[in-house]
Amino acid sequence: MIDLTIDGRKISVREGSSILDAAKSLGIFIPTLCHHPKLSSFGGCRLCIVEIKGTRNPVSSCTAPASEGMEVTTSSPQIERLRKMVLELILSDHPYDCMLCETAGACELQELAYYYDAKHTTYAGERRKYEKRDNNPFLNRDMEKCIMCGKCVKICDEVQGVGAIDFAYRGFKSKVCPQYEEDLNCEFCGQCVSVCPSGALTGRMWARKGRQRDIREVDTVCPYCGTGCNITLHIKNNEIIRVSSSPDTWNEGLLCVKGRFGYEFVNSPDRLTKPLIREGSAFREASWDEALEYTAARLLDIKNSYGSDAIGGLSSAKCTNEENYIFQKFVRAAIGTNNVDHCARLCHAPTVTALASIFGSGAMTNSIAEIENAEVIFIIGSNTKESHPVVANRMIRAFRKGAKIIVADPRRVPLARFSEIFLQQKPGTDVALLNGIAHIIVKEKLYNSEFIKEQTQGFEEWMKSVDSFNPEYTSSITGVPKEKIISAARTYGSSRKAGIFYAMGITQHTTGYDNVCAVANLALLTGNIGRPSCGINPLRGQNNVQGASDAACLPDVYPGYQSVGSPDVREKFEKKWGTPLSAEKGLTATEMMPAAIQGRLKALYIMGENPVLSGPNTGNTIKALESLDFLIVQDIFLTETAKLAHVVLPGSCFAEKDGTFTNTDRTVQLVRKAVEMPGDARDDLQIISAVSARLGYKLEYEGPEEIFREFREVWPNISGISYKRLNKKRLSWPCTSSNHPGTPFLYKQGFPKGKASFTPTAFAPPAEETDAEYPYILTTGRNLYQYHTGTMTRKSGAIESHAGRAYIELNTADAERLNIIQGETIKVSSRRGSINIEARIVDTISSGVVFVPMHYCEAIANILTLDALDSRSKIPEFKACAVMIDKYNSSPPDLI
Amino acid sequence: MKAKARNADIDISKEFTPEQLKKVDKIIEKFKDRPGALIPVLEEAQMVLEFLPMPILKIIAGGLNLPLSQVYGVVTFYSFFTMTPRGKYTVRVCLGTACYVRGGKAIYDNIKKELNVEEGETTDDRMFTLETVRCIGACGLGPVIFVNDNVHGRLKPAKIKDVLSKYN
């Protein structure tokens, strides 16, 4: 520790602290424009100058380290005069148009000019002139307002890992710009906007929507991915005009393009505002009374004629915990069946089933914040930079701190830029790759014998199962060079602070369950679990997919993963809910579709899901939904699925209600109502309870908080969480008492079910392999801009105008061989169907593999995928099927 | 910057020999894992190639795993680096005080017009590269220009065409 005196006050600070840090900890204000606590120091603005006794000239306190015995003065007539001069120099080259500036009122420069009474005329002279231009729909760059603080440059490079902009030229001509002053072409995360101290960088869609006056700010949680970033909605006249995130949130103010600029859907004119009832091939608007009566009558009718099990419900991982709890309660208690599921079936079903059977719980073991202290980060089957961008920010920070990153993915995903080892395995060969890595760890005795002895079982037997996966064999299956397999094994195997991160690339296979087991085996082998900054970390897709699973929108469990098959558990819930419950496991989402076609399922109630686009084998999904006697869709837009419904009920979006979301690292966070619903749209809770009441089962609650109270009464893991506590602080379950601090990482005290088992996994190829007729492997996924089936992002103007076109990625060599040029429309076919889609020729994908994002209804990727299921978790194989590629107009022209 | 300086359409396989390009790869390989590699790599690459067009900056950025914006920033900061090919002749126009008051600006404007280039650029036929200097110590002869090592003094705008036509 270092002792120094600032303005006559003594303080001890850690070695390496700057004078600015020290002054801040004393609560002394020093003006700065270029300093940011999370970025490297620059010392460029010269405002933070201070005097040090014994030093002739003032020094910039952000770059000067505090040293022993130092006596610092932060404010003196001389210092203040210099600061004012610096400000006036900046202002002399700054447009004086605060009247029109988007940032007025929130501008750091304006604020300092005000305090220092700094004028722009003192040093009036030549001004920099920039052409204003930029084609992107997200950011406005008004570079004449740039004060060259460099925060945007640093955050883009150091934090976001993109480096789209930098200082160019020299002296008076210097400016911040992309290379060759091209248009900005980056990830459009807007991190630069969030740190800009002037009006140089703003959101394009903010323009003239409102500045500081009459704005309400509501803190809530981002509705997109499972990261759960905290956001602040800026509201004017019931409209969200801006989204920001405060630097003191857990995500440190970092957001991605969707979180920051993807909010326009809320106010879209396409929102559903009235209930719709099908009449022939069209819909007509109906009153709520009529729609609810009709819905209830049809459900009762089907229940009476075919029994409760002829009805199913699909809930939504976009909805709150409270809505999901009520939805499954409605299906179980009011309808009387366990046929309830949600989209976790299509993303992390293998995670939930496999990890629960190995460890006793199926969630991310460690928290996102811990990532930055990991030594090794092994990412497999996750395009983290695009699908969980703010998680990737933590990984990049870990990289900056010296962590080694291993990326395994059939595509050279953006995060591979930061990887020490990049393994490009063939789709569907993950078990082989993971076993091959385990083989080396075993062979070279890098494993953690003590951990294996104390906390696991089945090691000896499992070891035999990886015996055959020598590097040569593994390489022959996966296509990964054996040296890379060995070096990945050594890197992961020799670290005791190594985390594995995975997503759909692991789960969406017919071997999804085995893939997850193979991941778990690696963590057990090295003991990388039960401590901070390691673990098995499934990155979950939707904002509340963890919560929807916890709340038991699953066909085999009651809330809190309590088995429907257990008589004791069932009795407990029957008592709690006051009605007899079904003992039969229900149908999964992927089993409901064939059941509908076979006529076993007659009615389906879908809340906030869009299986027409998200389910495998679209043709079959449509056939299934059309086979139903009655389809209810409750949503905020008329989705592709809603178009097939008999009745459509307009629900509410995240900004229109209170509740809680549980993010991917098990953290429960408050969602707060910010705006009113459009037209006659209703709160989803009200809709479900209104239908339930008409079926004779009362679901009466004062509001979401009362539902949460019931939820925590039935599930001890969240019994310590309350709205009151969440108002102050987010809490990660398990949180078992009102003073429990929450659990950032699991299994500190060992596994809930005792010893964890090694699970032998055998390699099996994908359900459909390539052949002469269908020679390409298709893999599907997401891109940075669009989200899932695009229900929200495609209704957000900025995002849609930037990433509104469907495309297929294919390798340069394949394109050459097929004589396909960039941007050409091509025809992609599988045994299920075909789509026409624009070719995007890339070198990030292996020859023989093609990629189509799942977002686009114009070229539905799932028309091509197959509905082969993993036998244990019932997840379909979205990540591998065989396709053929033709030129769009390859059929010979008609020569008549 | 003008499109000319981007040189995005330069076909490096035609502009440079395979040996030259191989040397650049070797330079990148040599410095790759060292901190602060960018400047020495640019320096040596320019020694091999004489100038650094966009495709080369891209190769260097990729090889050193750096953003292209950063490479561009460094190249434009140091006047030593050039992104445009050099002409057979370098025309340096003196804009020092003495030459300036004797009409150096008019000479400069005329040359720009004649060659159809801006400062730092090279004519399409790669004959001339235009630069300006601040005083070359020949004030008595002002206004002056240098063409490679030859001094041309007491110039008038009308004479420019004649002077340049001597070089081919």
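Labels below follow one simple rule: chain letters A, B, ... track the order of the sequence lines, proteins then strands, and each chain is numbered from 1. Values below: all heavy atoms of this structure, side chains included; hydrogens, waters and symmetry mates excluded.
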Margin query: Any side-chain to backbone donor/acceptor pair from B:Asn65 onto A:Arg417? Under 3.5 Å, distance only.
Written below: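 Checked: pair present.
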
Count the heavy atoms of every other residue, nucleotide or ligand shown that sit under 6.0 Å from [atom1] of [X], and state whether that count exceeds 12.
| X | atom1 | answer |
| --- | --- | --- |
| A:Lys401 | NZ | yes |
| A:Lys145 | NZ | yes |
| B:Phe146 | CZ | yes |

Next item on the list: Kindly state each residue pair satisfying side-chain hydrogen bond (donor to acceptor under 3.5 Å, both in side chains) with at least one member in residues 142-154 of chain B, sequence neighbours excluded.
Entry: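 As it turns out, the side-chain hydrogen bond (donor to acceptor under 3.5 Å, both in side chains) pairs with a partner in residues 142-154 of chain B, which skip direct neighbours, are B:Asn150-B:Tyr167, B:His152-B:Tyr167.
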
Margin query: I need the minimum non-hydrogen distance between A:Ala168 and B:Tyr72, along with the two atoms involved.
Written below: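 Smallest interatomic distance, heavy atoms only, reads CB-CE2, 3.9 Å.
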
Notebook entry, point to check: Taking all atoms of both residues into account, what is the closest heavy-atom pair of B:Phe77 and A:Tyr169, and its distance?
Noted result: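 That closest heavy-atom pairing would be CD1-O, 3.5 Å.
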
Item checked: Residue list, side chain to side chain contact (heavy atoms under 4.5 Å, CB included) with B:Thr97, at least two apart or on another chain ->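 Applying side chain to side chain contact (heavy atoms under 4.5 Å, CB included) to B:Thr97 gives none.
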
Next item on the list: Please round to the nearest 0.5 Å and tell me the distance separating atom CG of A:Leu184 and atom OG of B:Ser69.
Entry: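 The CG atom of A:Leu184 sits 10.0 Å away from the OG atom of B:Ser69.
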
Margin query: Return the CG to OG1 distance between A:Asp166 and B:Thr76, rounded to the nearest 0.5 Å.
Written below: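 The OG1 atom of B:Thr76 is 8.5 Å from CG of A:Asp166, to the nearest 0.5 Å.
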
Checklist line | Toward chain B, the part of A:Val162 with a non-hydrogen atom under 4.5 Å | finding: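 Contact with chain B is through the backbone of A:Val162 alone.
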
